[in-house]
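What follows is a short report on a single structure.
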Amino acid sequence: MKLPRTTLILILLTLGLGAFVYFYEIRGATVREEIKEQKQQIFSFAEDDVQSLTVTTKKINLDLERNPESSNPKWLIKSPISGPANDAIVSYLMDLLVKGNSDRTLSTPARELGEFSLDKPQATINITLKNRQSHQLILGKSNFNGRFLYAQTDPATKPDGNINVLLVSTDFANAVNRELSEWKQPVDNSQKLPPLIIPKPTPTNSK
């Protein structure tokens with residue numbers, strides 16, 4: 001039996017609409033949910049939970065510790081020198097650690113660590129919490145378009161032999177690749193020097 005052309009067109013439209021609903025609404029929702037899950041927070045601790053930080057780059061190995069006595073400054077440099085830290089610089093890094101998100105996570109064989117420069121990272125950040133728990137963030141090279149950095153958190157090999165590689169903001173590189181002088185508390189130039197006292201000339205006797 002030959003179907004009328006109008007009926008055939010309606011059937012094709014119905015099938016097309018059904019395919020659209022499946023791929024966009026059902027399958028598409030699943031894909032969007034997967035992408036949403038990939039953009040997840042790097043760490044789950046709060047800023048006040050952090051007791052100390054160790055930042056290791058190719059230039060410096062810096063130990064920072066929360067100031068137990070005063071809120072100004074909030075952080076102290078313990079090594080390679082001792083002294084107050086630049087709170088603005090440390091707060092910038094802390095904000096990235098606490099609020100930073102991973103754009104996506106790649107599962108890759110552990111033997112390919114060097115492909116992301118994670119075997120010889122540009123920086124490593126070790127975090128110690130007040131409850132003695134520790135975390136680590138390893139920063140590798142930029143991805144192909146320079147928008148993100150390859151990174152690892154609390155490195156561990158999964159049962160399948162793979163490792164998780166994250167894509168994180170390049171702001172991390174800006175936060176840690178600094179000279180020691182930038183980590184130090186800046187000198188307060190607002191404090192005025194005492195006025196210079198110029199001695200009065202000694203009068204001389206005129207003849």
Side-chain angles (χ1 to χ4, degrees), residues 40-103 113-114 116-143 145-156 165-198:
Q40 56 186 346
Q41 200 166 343
I42 299 173
F43 294 111
S44 59
F45 53 77
E47 181 177 350
D48 289 341
D49 296 334
V50 179
Q51 178 61 32
S52 63
L53 295 169
T54 297
V55 179
T56 303
T57 67
K58 295 178 180 179
K59 290 184 177 182
I60 195 173
N61 187 19
L62 181 78
D63 290 327
L64 297 163
E65 190 172 295
R66 188 178 292 277
N67 189 348
E69 299 178 358
S70 171
S71 59
N72 186 23
K74 291 170 58 177
W75 292 90
L76 301 173
I77 300 176
K78 308 301 289 185
S79 175
I81 61 171
S82 296
N86 187 326
D87 278 342
I89 297 296
V90 181
S91 293
Y92 177 54
L93 174 58
M94 283 298 308
D95 194 61
L96 290 171
L97 291 171
V98 171
K99 300 178 183 178
N101 292 322
S102 167
D103 185 75
L113 208 62
F116 310 97
S117 294
L118 291 168
D119 56 339
K120 296 178 181 179
Q122 63 169 300
T124 301
I125 306 168
N126 290 296
I127 306 140
T128 302
L129 306 183
K130 292 178 180 178
N131 62 7
R132 301 298 180 184
Q133 289 184 359
S134 60
H135 296 277
Q136 187 178 61
L137 177 65
I138 301 174
L139 302 176
K141 67 179 182 180
S142 301
N143 70 330
N145 60 12
R147 292 183 57 203
F148 300 100
L149 295 178
Y150 294 114
Q152 270 188 296
T153 57
D154 302 333
V165 176
L166 284 63
L167 286 177
V168 302
S169 171
T170 54
D171 288 342
F172 277 101
N174 300 328
V176 297
N177 289 317
R178 299 179 180 275
E179 300 293 336
L180 179 59
S181 58
E182 295 181 79
W183 291 100
K184 295 163 58 178
Q185 186 184 55
V187 177
D188 186 1
N189 293 322
S190 63
Q191 296 179 353
K192 295 182 179 180
L193 295 174
L196 181 63
I197 300 175
I198 302 175

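Any value given below was found using the heavy atoms of this structure, including those in side chains, with hydrogens, waters and symmetry copies removed. Along the sequence shown, residues are numbered consecutively beginning with 1.
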Show me the donor-acceptor pairs, under 3.5 Å and distance only, between side chains in residues 169-177 and residues at least two apart or in other chains.
| from | atom 1 | to | atom 2 | distance (Å) |
| --- | --- | --- | --- | --- |
| Ser169 | OG | Asp171 | N | 3.0 |
| Ser169 | OG | Asp171 | OD2 | 3.3 |
| Asn177 | ND2 | Gln122 | OE1 | 2.9 |
| Asn177 | ND2 | Ala173 | O | 3.2 |

Rounded to the nearest 0.5 Å, how far does CG of Leu129 lie from CZ of Phe43?
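With rounding to 0.5 Å, CZ (Phe43) is 9.5 Å from CG (Leu129).
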
Heavy-atom distance under 4.5 Å between the side chains of [X] and [Y], does that happen here?
| X | Y | answer |
| --- | --- | --- |
| Thr54 | Ile125 | no |
| Lys74 | Val90 | no |
| Trp75 | Asp87 | yes |

Could you check whether any side-chain N or O of [X] sits under 3.5 Å from a backbone N or O of [Y], counting only pairs where one atom can act as donor and the other as acceptor?
| X | Y | answer |
| --- | --- | --- |
| Thr57 | Ile60 | yes |
| Asp63 | Lys78 | no |
| Asp103 | Leu167 | no |

Residue list, side-chain hydrogen bond (donor to acceptor under 3.5 Å, both in side chains) with [X], at least two apart or on another chain:
| X | value |
| --- | --- |
| Lys99 | Asp95 |
| Asp48 | none |
| Thr56 | Asn61 |
| Gln41 | none |

Which residue pairs pass the side-chain hydrogen bond (donor to acceptor under 3.5 Å, both in side chains) test with at least one member in residues 146-155, sequence neighbours excluded?
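Those involving residues 146-155 are His135-Asp154.
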
For residues 76-99, pull every pair meeting ring-ring contact (aromatic ring centres under 6.0 Å, His included), keeping only residues two or more places apart or in separate chains.
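As it turns out, there is no ring-ring contact (aromatic ring centres under 6.0 Å, His included) pair with a partner in residues 76-99 once direct neighbours are skipped.
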
With Arg178 via salt bridge (Lys or Arg N to Asp or Glu O under 4.0 Å) - residues at least two apart:
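Counting only residues at least two positions away or on another chain, Arg178 forms a salt bridge (Lys or Arg N to Asp or Glu O under 4.0 Å) with Glu182.
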
Among residues at least two apart in sequence or on other chains, which ones pass salt bridge (Lys or Arg N to Asp or Glu O under 4.0 Å) with Lys59?
Glu179

